[in-house]
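Note on naming: letters A, B, ... go to the chains in the order of the sequence lines (proteins, then strands), and numbering restarts at 1 for each one.
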Number of protein chains: 2
Amino acid sequence: PQAALAVASQDNTSLDATEPASSHSPLFAAELERAREFVDGMITEGVVVPVPKDPGGGYTHEQHKRNFRAIYQGGQLYRITGEERYRDYVRNMLLEYAELYPTLDDHPAQANQNVGRLFWQVLNDAMWLVHAVQGYGDIRDTLNAEDRQRIDDNVFRPAVHFLSVESERTFNRIHNHATWATAGVGMTGYLLGDQDMVDRALLGSDKSGETGFIRQTELLFSPDGYYTEGPYYQRFALLPFLVFADAIERNEPERRIFEHRDGILLKALRTTVQLSYRGYFFPFNDAIRDKSLRTAELYEGVAIAYGQTRDPALLSVADFQGRTVLRPNGALVSRDLAAGMAEPFPFRTLLLSDGPDGDEGAVAILRQGPTNAEGEPATALIAKNSSQGMGHGHFDKLAWQLYDNGNEIVRDYGAARFLNIEAKRGGRYLPENTTWAKSSVAHNTLVVDQTSHFGGDAKLADTLWPTQLYFSDAPGLQVTSSVMDSAYPGVTMRRTWLMPTIAGLEAPLVIDLVHAQSDEPHQYDLPLHYSGHIMEFDFEPISNTAERPVLGSDNGYQHIWVDAEAGLQDGRGALTWILDGRFYTYRFAGNGPLTAILGESGANDPEFNLRREPLIMLRAQREGEASFASLLEAHGSYDGAAEQTLDSRSLVSDLNHQRIDGMDLVRLTLKSGQRFAIAVSHNPDPATAHSVTLDGESLEWDGFAAVIALPGEDN
Amino acid sequence: PQAALAVASQDNTSLDATEPASSHSPLFAAELERAREFVDGMITEGVVVPVPKDPGGGYTHEQHKRNFRAIYQGGQLYRITGEERYRDYVRNMLLEYAELYPTLDDHPAQANQNVGRLFWQVLNDAMWLVHAVQGYGDIRDTLNAEDRQRIDDNVFRPAVHFLSVESERTFNRIHNHATWATAGVGMTGYLLGDQDMVDRALLGSDKSGETGFIRQTELLFSPDGYYTEGPYYQRFALLPFLVFADAIERNEPERRIFEHRDGILLKALRTTVQLSYRGYFFPFNDAIRDKSLRTAELYEGVAIAYGQTRDPALLSVADFQGRTVLRPNGALVSRDLAAGMAEPFPFRTLLLSDGPDGDEGAVAILRQGPTNAEGEPATALIAKNSSQGMGHGHFDKLAWQLYDNGNEIVRDYGAARFLNIEAKRGGRYLPENTTWAKSSVAHNTLVVDQTSHFGGDAKLADTLWPTQLYFSDAPGLQVTSSVMDSAYPGVTMRRTWLMPTIAGLEAPLVIDLVHAQSDEPHQYDLPLHYSGHIMEFDFEPISNTAERPVLGSDNGYQHIWVDAEAGLQDGRGALTWILDGRFYTYRFAGNGPLTAILGESGANDPEFNLRREPLIMLRAQREGEASFASLLEAHGSYDGAAEQTLDSRSLVSDLNHQRIDGMDLVRLTLKSGQRFAIAVSHNPDPATAHSVTLDGESLEWDGFAAVIALPGEDN
Ligand SMILES: [Zn+2]
Ligand SMILES: [Zn+2]
């Protein structure tokens with residue numbers, strides 16, 4: 001069994017060592033070339049295995065990362081090309097590690113997480129093992145007994161011991177760090193023929209199945225394949241999930257790991273792709289924003305999933321990535337892509353339940369508009385009605401984002417972190433990740449009394465989540481609605497987004513209905529973090545033009561500069577901005593006076609750790625009900641090259657919102673004189689008829705919501 | 001002669017009306033399709049010729065613009081396809097104008113410039129004529145005598161009268177507005193067979209040749225083809241220059257207009273291309289930043305120049321543009337491009353003299369680095385040592401910009417204007433164009449006593465300019481040096497940029513030596529407007545974290561927010577930022593204490609008219625000499641997708657600057673221990689030997705400047 005990891009799948013993809021590289025299809029051939037360039041460069045540098053010293057981003061950290069990539073790819077190159085220099089290089093490198101590893105104790109630059117040996121945190125050691133064991137698997141059966149013994153005993157067995165015994169606490173968590181650890185340990189078990197290792201990896205240290213890899217597949221994903229930490233972590237976790245599953249499938253096919261829990265692993269891979277816009281993941285929670293589908297973890301995932309399913313939509317993902325892996329599955333992806341078998345990925349409107357049983361809130365994705373070459377519609381609205389998502393979660397219940405025209409229009413800040421950049425606190429999470437990025441006010445959510453949801457208590461947050469009330473993907477009126485009654489004691493927050501099609505207006509249009517209810521008086525703040533440059537607003541604010549104050553002293557408010565502030569007695573206003581040649585108007589109405597605050601992130605930031613991004617905040621002091629109804633309207637275009645501008649001003653002249661018997665009635669008057677109502681009963685039964693009379697007009701509709709044309713005004 | 005404008009050049013390009021569109025080569029065919037789509041849409045709408053009312057961006061303004069495009073392209077479509085509906089449409093449109101035009105007086109929305117008839121300014125009327133007369137030329141010989149007479153007498157003759165007689169002041173200027181007017185009038189003269197019109201256009205109202213088109217070609221471009229207003233206006237002026245020249249060439253070839261003044265018009269076209277980076281023009285003066293080579297004016301220019309020269313480098317410009325024109329020259333471009341005849345455009349290091357005699361300063365462009373598919377190197381340094389450039393000029397003597405890695409690293413703000421966006425003051429120049437964009441402090445130039453150059457007096461500025469002292473395009477050490485002694489009374493400013501190659505450092509490296517001399521004490525401010533996010537700085541500033549003041553009260557200073565301020569007793573410091581995956585460190589040394597100010601544009605801007613962009617300012621109080629030496633160093637890379645960071649910190653540990661006997665000696669110590677001197681004698685004679693002893697080290701070199709390797713430090 002020692003070559004178990006090296007055995008190709010049973011498909012008939014040729015990976016014959018004697019086959020010249022030029023006969024490979026283009027994607028695979030390019031990958032081979034890229035790997036050769038990297039590993040040849042490493043070979044030229046010679047084997048360099050430094051004593052661990054530096055934190056993330058530092059020299060020894062980066063060198064050990066380069067080393068595991070070189071071991072991994074060196075093994076692949078040896079297996080594909082048969083060139084012995086690759087084998088020798090991997091062997092010599094591992095023999096160096098065999099010298100170093102037994103001398104190691106805790107890494108000197110201990111991170112705040114559990115400390116590693118080669119790296120500052122145990123997670124990195126697990127990543128090292130996941131990669132190194134695969135490279136070792138490609139050469140192990142060609143080594144003499146002595147070398148094999150030394151590497152087995154002085155590198156892999158102690159590494160397994162470190163991860164699964166000395167770091168048992170991490171190993172037995174239900175968490176992506178444990179997925180990496182169990183994958184590394186389990187694959188080592190297969191390679192060394194050590195079933196004890198395998199069983200511990202699959203079933204946890206005590207082999208009870210309460211923890212371990214199998215249990216992780218059951219608890220870390222919702223039935224819809226949503227990973228509770230969010231897509232950034234989902235992407236990261238998918239590599240060990242799929243790579244280890246692939247090894248399980250080859251070594252113990254009888255486990256039917258890919259069929260486990262209704263095919264959850266393959267579902268999770270597809271869901272990961274759905275959680276992206278123009279290739280970039282929705283930056284939920286502590287996400288690094290420049291992570292996209294073009295990431296090593298997903299090259300593996302897509303290839304393995306394609307090997308299992310032959311789903312042609314996965315080929316278009318691989319095409320977008322422009323990358324694959326040097327495994328038989330990668331060769332298959334490359335070959336079928338070259339044969340023109342790709343089909344667009346079915347990006348669509350969908351609701352992804354959260355929680356192992358699917359009852360801990362949900363993420364709603366509403367999509368519409370023309371699709372691009374990858375099959376992706378122009379607009380995506382994301383309603384984050386999901387659970388906290390553990391330690392990296394943000395206090396952002398019922399928050400939303402909007403993407404349109406290739407851009408993020410309504411933003412989520414993501415993490416305050418410069419990954420691997422030493423000057424920025426060694427690449428770790430910055431203090432502003434806690435003070436700003438996680439805070440409620442940094443999100444497009446309702447903030448009560450200038451505090452974060454759950455009082456900023458992450459432990460409490462993990463126990464409570466919103467309830468998804470309604471969801472509809474009906475073309476012409478997509479809807480998602482949810483309620484959260486435990487973000488603030490005694491305050492119930494309901495939020496409904498509708499994406500209607502309305503004759504005379506462009507797409508997208510978003511109606512956002514926020515309703516809060518409390519017996520106590522509160523201050524309600526509703527920030528909208530938008531992207532763009534202000535064109536105009538229809539109110540007259542007091543501007544802080546020569547000295548710019550901050551909005552508050554804590555809970556994220558200390559990071560907001562106040563540019564201007566306007567008191568709106570009638571609670572109504574509109575703000576227009578431009579982004580990338582398109583105009584957007586945010587038009588709002590409150591159930592009483594509002595203060596509109598125009599601001600920007602970046603205050604109280606002496607290290608310049610934050611991005612500086614604009615926001616508008618609607619503030620209401622209310623006793624009883626607080627409601628905010630708004631329309632986000634995309635309109636017109638600006639083409640600087642052609643010097644052509646169309647519809648730079650909103651096409652809407654008025655937005656009126658009434659709440660009657662728990663129903664929301666939004667009436668829009670267009671500049672053309674046309675009038676429409678968006679009527680929301682909040683009753684999910686499609687057959688129930690509703691009727692309201694408003695200013696002498698009778699509105700009638702069935703079901704949860706409807707767009708109703710009203711008699712127009714003369715214009 | 002009535003079809004003069006419609007006669008194709010004498011080349012053998014086929015534009016036979018009977019040839020099916022599908023036989024055209026791709027670029028031309030696509031252009032034909034685009035024109036059909038536009039004109040067919042216009043035909044469907046019917047002829048709409050509204051009474052002029054609105055300013056730029058408003059309805060009647062945009063409609064008359066659409067109309068002249070439709071007349072122009074309709075004529076072309078008729079000539080190429082022979083379809084009579086195009087002819088009829090153009091005729092009917094012009095007959096409508098024949099009804100309207102005689103009723104017009106001054107446009108009601110008079111701009112601050114000279115008022116037009118159809119438009120708010122006379123310039124737009126000239127543009128209308130330049131396009132409309134060409135479309136008319138394509139159909140005129142097919143009209144019955146009555147229609148022809150009506151259009152001649154009620155549209156074109158009065159339009160010519162308006163431009164050349166009633167607006168005589170504009171017509172006789174040496175200015176691009178006059179180029180449009182003379183082109184329109186002259187082409188109408190050729191079409192109507194009216195030599196008087198032609199002569200006035202070519203030689204000015206009084207036919208003396210003191211003004212008029214020919215004189216414009218002599219006075220508006222420098223001998224190197226640089227247009228004094230800058231590339232944004234050069235691009236705009238090129239259309240009437242080249243289109244009218246093309247008409248002159250066809251009607252009066254004996255004038256040899258394309259050979260006039262050593263082929264200045266074709267030289268100007270090539271220079272325009274040189275004045276761009278990644279297709280975008282250097283945003284000198286009142287430039288709209290999103291103007292690129294992909295602009296209608298240059299489709300004409302490139303096609304006409306290619307017709308004249310058959311220069312294959314122009315084909316690669318057309319390829320980049322992806323557009324051409326529906327004229328025989330355009331068909332030729334399209335055919336030769338399809339035949340694979342394009343060659344990369346020779347983007348290069350070059351010095352462009354300014355002023356009609358080439359003695360009013362210069363623009364220096366230093367380029368280096370690997371070239372892309374269009375033939376353009378990765379790095380471009382622009383030293384703006386040119387003259388003021390008339391009314392749209394900025395107070396930016398000896399300012400600079402740096403482009404690298406596809407981005408603008410050291411920025412020029414361009415104009416404060418949202419062209420054609422009604423909400424932004426009708427699309428006109430904003431007040432902040434004067435208060436910020438034109439000011440010296442908004443530029444990367446030396447500002448004395450918080451005032452703009454020439455005290456902000458544009459008339460005075462037009463009479464004074466820098467002297468270009470030295471220029472070298474030697475690989476490994478490109479240099480440009482200039483002096484300005486009249487921006488401030490009694491202050492002489494010298495500035496030298498060097499772009500050296502230094503072993504152990506990455507490219508680009510820019511050494512910037514600023515030296516000011518005055519008998520009086522002054523405050524010297526040296527702002528650097530960079531693009532990127534701050535990574536670190538090696539000084540400890542006082543930060544305005546909770547209330548942000550402005551830097552001053554006028555001359556642009558009122559628009560700068562102050563984030564932080566540091567007193568540097570030794571006058572030395574360094575700031576590192578990241579942009580688009582690359583790190584840049586600005587390391588500086590002054591000849592005495594400095595204050596470093598970290599700031600951002602956007603203060604005192606209640607309408608949100610300004611972009612918010614970062615700057616660092618070095619401030620020195622000096623009597624006698626003030627010197628600032630700096631190194632801008634590009635280093636390393638950040639790849640978020642691969643989670644790979646290289647050299648995020650500067651590779652330089654020390655910068656030392658000494659000025660001895662008027663020579664500048666910059667010594668760099670690298671973190672590797674290597675040491676280098678950049679020695680500048682300021683003596684242009686390449687044969688003169690120079691020698692300086694510094695801290696016991698003898699530096700010897702010949703000529704203006706040299707990079708000298710010094711004995712290294714042990715590391
Ligand atoms: Zn967040
Ligand atoms: Zn400027």
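The two atoms that bring A/Tyr638 and B/Leu419 nearest to each other are CE1-O, 3.2 Å, heavy atoms only. Nearest approach of B/Met535 to A/Ala423, heavy atoms of both residues: O-CB, 4.0 Å.
Heavy-atom proximity under 4.5 angstrom to chain A picks out B/Phe537, B/Ser543, B/Asn544, B/Thr545, B/Ala546, B/Glu547, B/Arg548, B/Pro549 from residues 537-549 of chain B.
Atom CG in B/Asp605 sits 8.5 Å away from atom CG in A/Asp563 (nearest 0.5 Å). Atom CZ of A/Phe418 and atom CD of B/Glu536 lie 12.0 Å apart (nearest 0.5 Å). From B/Lys65, atom NZ reaches atom CD of A/Gln644 across 5.0 Å, with rounding to the nearest 0.5 Å. Atom NE2 in A/His533 sits 5.0 Å away from atom NZ in B/Lys424 (nearest 0.5 Å). Atoms CD1 and CZ, from A/Ile421 and B/Phe583 in turn, are 4.0 Å apart once rounded to the nearest 0.5 Å. Here the CD atom belonging to A/Glu422 is positioned 10.5 Å from the CG atom belonging to B/Asp647, to the nearest 0.5 angstrom.
Looking at A/Leu598, the atoms closer than 4.5 Å to chain B (heavy atoms on both sides) all sit in the side chain, from C-beta outward. With a threshold of 4.5 angstrom between heavy atoms, A/Leu610 approaches chain B through N, CA, C or O but not through any side-chain atom. In this structure, no portion of B/Arg289 lies under 4.5 Å from any heavy atom of chain A. Proximity to chain A is limited to the side chain of B/Arg69, based on heavy atoms less than 4.5 angstrom apart. Residue A/Arg323: no heavy atom, backbone or side chain, is found under 4.5 Å from chain B. Proximity to chain B (any heavy atom under 4.5 Å) is restricted, for A/Arg649, to the side chain, taken from C-beta onward. Looking at A/Arg235, the atoms closer than 4.5 Å to chain B (heavy atoms on both sides) all sit in the side chain, from C-beta outward. Looking at A/Ile288, the atoms closer than 4.5 Å to chain B (heavy atoms on both sides) all sit in the side chain, from C-beta outward.
The candidate with the highest count of non-hydrogen atom pairs below 4.5 Å against chain B, out of A/Asp290, A/Val562, A/Asn604, A/Val550, is A/Asn604. When each of A/His559, A/Arg294, A/Glu600, A/Glu607 is scored by its heavy-atom pairs under 4.5 Å with chain B, the top score falls to A/Glu600.
Partners of B/Thr585 under the side chain to side chain donor-acceptor pair (under 3.5 Å) rule, at least two apart in sequence or in another chain, are B/Thr576, B/His635.
The neighbour count for A/Tyr280 OH, taken as heavy atoms of other residues, nucleotides or ligands under 6.0 Å away, does not exceed 12.
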